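Just so we're clear, the structure is a prediction, and the values are computed from it rather than from any experiment.
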Amino acid sequence: MIFLIALASLAGFILIALTDLAVGGGKAKLKQYLAAGITAYIVLLVIIYFVLPAFIIQNILWLNAIGIFFAALPLLASKQEKKARNTGMSLAGALLAILVIGAVVCVIANFAVYQSSYDHVVKSAEEEAKPLDEDKTPIAIAPSSVRNKMNKRMSVVPDTQLYHLGSLQTQTVGGTNEYIAPVEFDGFFKWLKGGETTGYFVIDATDLGAQPEFVENKLSYVPSAYFHKDLQRIIYSHYPSYIQEGEARLEVDEEGKAWYVQTVYQPKLFTTKANGDDIQVVVVNPYNGEVNMYDADEAPDFIENTISPEMASKLNTYYGEYSGGFWNRHFGKAGVKIPNDNGTEHGVTAVFAEDGSIQYFTDFKSPKENIDSALGYSMVNGRTGEVTFYGGEKNNGIMDSSGAVQVVEKEYPEKKWEGKMPVLYNIDGNPTWVISVLDTNGIFKQYAYVRAADSDYVVFGDNAKSALEAYRLQLSTDTSTAESTGGAPVQQVSGEVNRLYISGDNAGGKTIQFLLNDQDVIYSINSADAPYAIFLKEGDQVSFEAAMQDGAKSATIQQISIEGLN
């Protein structure tokens, strides 16, 4: 295929040569063109082989410009009559003019299709995300912390001196949420020595105590190989008119067999822009180099990330910035939302969704400077590329991911700990930033839960569960939190008060917190909702309805019945 592309790139050269030879020149001129043509062909082969330019209009133009340059050499060296030589020079000039015009058209087209790019993004909008269920939507470990663990385990890799750790991929295998990363060749000479990689690392993506396991699995056709085993070159040879978006990533099927997955697309005419509703994925067998292409949402079921992080980031840009086209993005800015770049990979963060899919999270900010409030956030489906935007009243005025990270980092300025992987969750009706706190070496230290509407509410915990319980407890003591158990199931509760604590706020309100016998849940109620609750005492029999997530250690109630009092 590369040989044919190089030949097509000589179209301008061949036209000039045939025209010039037709008006005279003889065998000497023919030899000059043959020599120039062979040289041009070799140069184009080398360029195409190593650069791998997608065979689209823009690239066809500049490749043919190289061919025309070589055609000009025999023309300039010609000793033909002036009239005959001028014919060839005129044709060369005309072809160059066409190439210049084509290049201008391509530049204009790239600006003009932004509105169309937005229109072709598969999108939907939701007022509010479902409340967090820590079992169905677990909090993942920050990739930088995972990479730190894997790099420390590189000594278990056979011939470890030949390899380095490849790109992380988020995946669910056998019901377990995992990070997977292959080992890749550490340069050309290491590839010559090794010939094939030795396997991949896998680790539980939600267990802080998990250690990476190395799985021996010899792979030949990989991204870090060279020449005929270079994965990118293999894909290019089969689908040269497609643009490869991002890196190829390793995914593993239920039998433990490895596959490389590469997001590709055919761009809009005269541009490099993608259609969000027409994305493909190429799946490569790394054992024998076999290649298959699928529509992104029709790939084999075990592949959960047919959309690369780079493509997800591009779709967010189309969606947030170009709903009104290119000029509105840079001048009017009506409806413009800028994706933040605080994600773990290319501005997005992979998270586990309740339905078992992988979603890419990104929050959006205003194009105005010095405004650190979020305009909402999106989830990009890892298999379909659908962008779901979450706005709504509860997300109005909340801090964006940059602000949340700053809140966390100000807690430990002397230790220089960093906030990473900020993701916005709906915790019992409250938009909440969940952030991993890492030291300067990328080692996990704590989780931070930051109430997105109030930076004074920050809770730290050694693991996601303990931090969540402490955060819910803090919410329950806040008299301004009307509903700290939002979408949770309602339970009928009764029992005898065992312990009691009453606190007040500056506005004169009271928060009554109590424990029941044989229960470890902290119940809270505000005097504004139930005035008689301030007379509650230990030993009272009470009954009430509590909206409470399964396993929660705290719940806020709004009405209570106290035996003998009301």
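- By the 30° and 60° cut-offs, the orientation of the rings of Phe302 relative to Trp259 is tilted.
- At a threshold of 4.5 Å between non-hydrogen side-chain atoms, the residues Leu231 and Val222 do not count as touching.
- Ile180 CD1 to Ser167 OG: the interatomic distance, rounded to the nearest 0.5 Å, is 13.0 Å.
- Between the Thr306 side chain and the Arg383 main chain, a donor and an acceptor come within less than 3.5 Å of each other.
- Using a 4.5 Å heavy-atom cutoff, the side chains of Met154 and Val183 are in contact.
- How far CD of Glu496 is from CG of Leu515: 12.5 Å, rounded to the nearest 0.5 Å.
- Smallest separation of non-hydrogen atoms from Ala274 and Ser117: O-OG, 4.0 Å.
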Would you please test Thr511 and Gln513 for side-chain hydrogen bond (donor to acceptor under 3.5 Å, both in side chains) and show each step? CA-CA 6 Å; Thr511 297; Gln513 294 178 280; over 6 Å; no
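- Judged by a 6.0 Å distance limit and a 45° cone about the ring axis, Lys123 is positioned over the six-membered ring of Tyr118.
- Side-chain atoms of Asp540 never come within 3.5 Å of backbone atoms of Val542 as a donor-acceptor pair (strictly under, hydrogens ignored).
- Under a 3.5 Å cut-off, the side chain of Asn526 and the backbone N or O of Asp529 do not form any donor-acceptor pair.
- Using a 4.5 Å heavy-atom cutoff, the side chains of Ile398 and Tyr377 are not in contact.
- Atoms CG and CG, from Asp363 and Asp341 in turn, are 9.5 Å apart once rounded to the nearest 0.5 Å.
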Pairs under 3.5 angstrom only: tabulate donor-acceptor contacts from the side chains of residues 411-424 to other protein residues two or more places apart or in another chain.
unit_1, atom_1, unit_2, atom_2, d
Tyr412, OH, Gln446, OE1, 2.7

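- Remark: Lys337 is positioned above the aromatic ring of Phe389, its terminal NZ or CZ atom under 6.0 angstrom from the ring centre and at most 45 degrees off the axis.
- With hydrogens and angles disregarded, no donor-acceptor distance shorter than 3.5 Å links the side chain of Tyr471 to the backbone of Thr432.
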Mind running side-chain hydrogen bond (donor to acceptor under 3.5 Å, both in side chains) on Asn177 and Thr206 for me, showing each step along the way? CA-CA 7 Å; Asn177 302 313; Thr206 60; 4.8 Å; no
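- Heavy atoms only, all atoms of each residue included: Leu438 and Ala142 are closest at CD1-CB, 4.2 Å.
- Applying the side chain to side chain contact (heavy atoms under 4.5 Å, CB included) rule to Thr176 yields the partners Glu178, Asp204; only residues at least two apart in sequence or on another chain are considered.
- Side-chain contact check for Ile338 versus Arg329: some heavy-atom pair is nearer than 4.5 Å.
- Nearest heavy atoms, Asn426 versus Ala129: ND2-O, 2.6 Å.
- For Tyr163 and Phe185, the gap between ring centers is short of 6.0 Å.
- Residues Val459 and Tyr457 fail the side-chain proximity criterion, which asks for heavy atoms closer than 4.5 Å.
- For the pair Glu126 (side chain) and Thr388 (backbone), a donor-acceptor distance under 3.5 Å is absent.
- Ring-plane geometry between Phe364 and Tyr319 is classed as perpendicular, the angle between the planes exceeding 60 degrees on a 0 to 90 degree scale with a lower cut at 30.
- Taking NE2 of His346 as the start and OG1 of Thr362 as the end, the distance is 12.5 Å to the nearest 0.5 Å.
- Ring centroid separation for the pair Phe201 and Phe214 comes in under the 6.0 Å cut-off.
- More than 12 heavy atoms of other residues, nucleotides or ligands shown are found within 6.0 angstrom of CG on Asn517.
- Side chain to side chain, Lys149 and Tyr179 fail the donor-acceptor criterion of an N or O pair below 3.5 Å.
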Going through the distances and angles, do Tyr447 and Leu468 end up as a side-chain contact (heavy atoms from CB on, under 4.5 Å)? CA-CA 9 Å; Tyr447 279 113; Leu468 176 61; over 6 Å; no
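- Here the NZ atom belonging to Lys314 is positioned 11.0 Å from the OG1 atom belonging to Thr263, to the nearest 0.5 angstrom.
- Within the 4.5 Å cutoff, the side chain of Val493 has heavy atoms near those of the Leu516 side chain.
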side-chain contact (heavy atoms from CB on, under 4.5 Å) for Asn342 and Ser402? Distances and angles first, verdict last. CA-CA 7 Å; Asn342 293 313; Ser402 296; 2.9 Å; yes
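- Ser308 places a side-chain N or O within donor-acceptor distance of the main-chain N or O of Glu245, the cut-off being under 3.5 Å.
- Using a distance-only test at 3.5 Å, with no hydrogens or angles considered, no donor-acceptor pair links the side chain of Asp159 to the main chain of Leu162.
- Between Ile279 atom CD1 and Asp277 atom CG the span is 8.0 Å, to the nearest 0.5 Å.
- Side-chain contact check for Glu310 versus Glu247: some heavy-atom pair is nearer than 4.5 Å.
- Of the options Arg249, Glu251, Glu304, a side chain to side chain donor-acceptor pair (under 3.5 Å) to Gln169 is made by Glu251 and by none of the others.
- Proximity of a side-chain donor or acceptor of Glu254 to a complementary backbone N or O of Gly174 within less than 3.5 Å is detected.
- Looking at Tyr360, its side chain never comes within 3.5 Å of a backbone N or O of Val387 through a donor-acceptor pair.
- In terms of heavy atoms, Thr198 sits closest to Val157 at OG1-CG1, 3.3 Å.
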Go through Val284 and Gln262 one step at a time and tell me if the side-chain contact (heavy atoms from CB on, under 4.5 Å) criterion holds. CA-CA 8 Å; Val284 181; Gln262 174 68 65; 6.0 Å; no
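- Judged by distance alone, the side chain of Asn148 and the main-chain N or O of Gly442 form no donor-acceptor pair under 3.5 Å.
- Side chains of Val202 and Val252 form no contact here, defined as non-hydrogen atoms less than 4.5 Å apart.
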Test side-chain contact (heavy atoms from CB on, under 4.5 Å) on Ser155 and Thr160 and set out the steps. CA-CA 6 Å; Ser155 60; Thr160 185; 5.5 Å; no
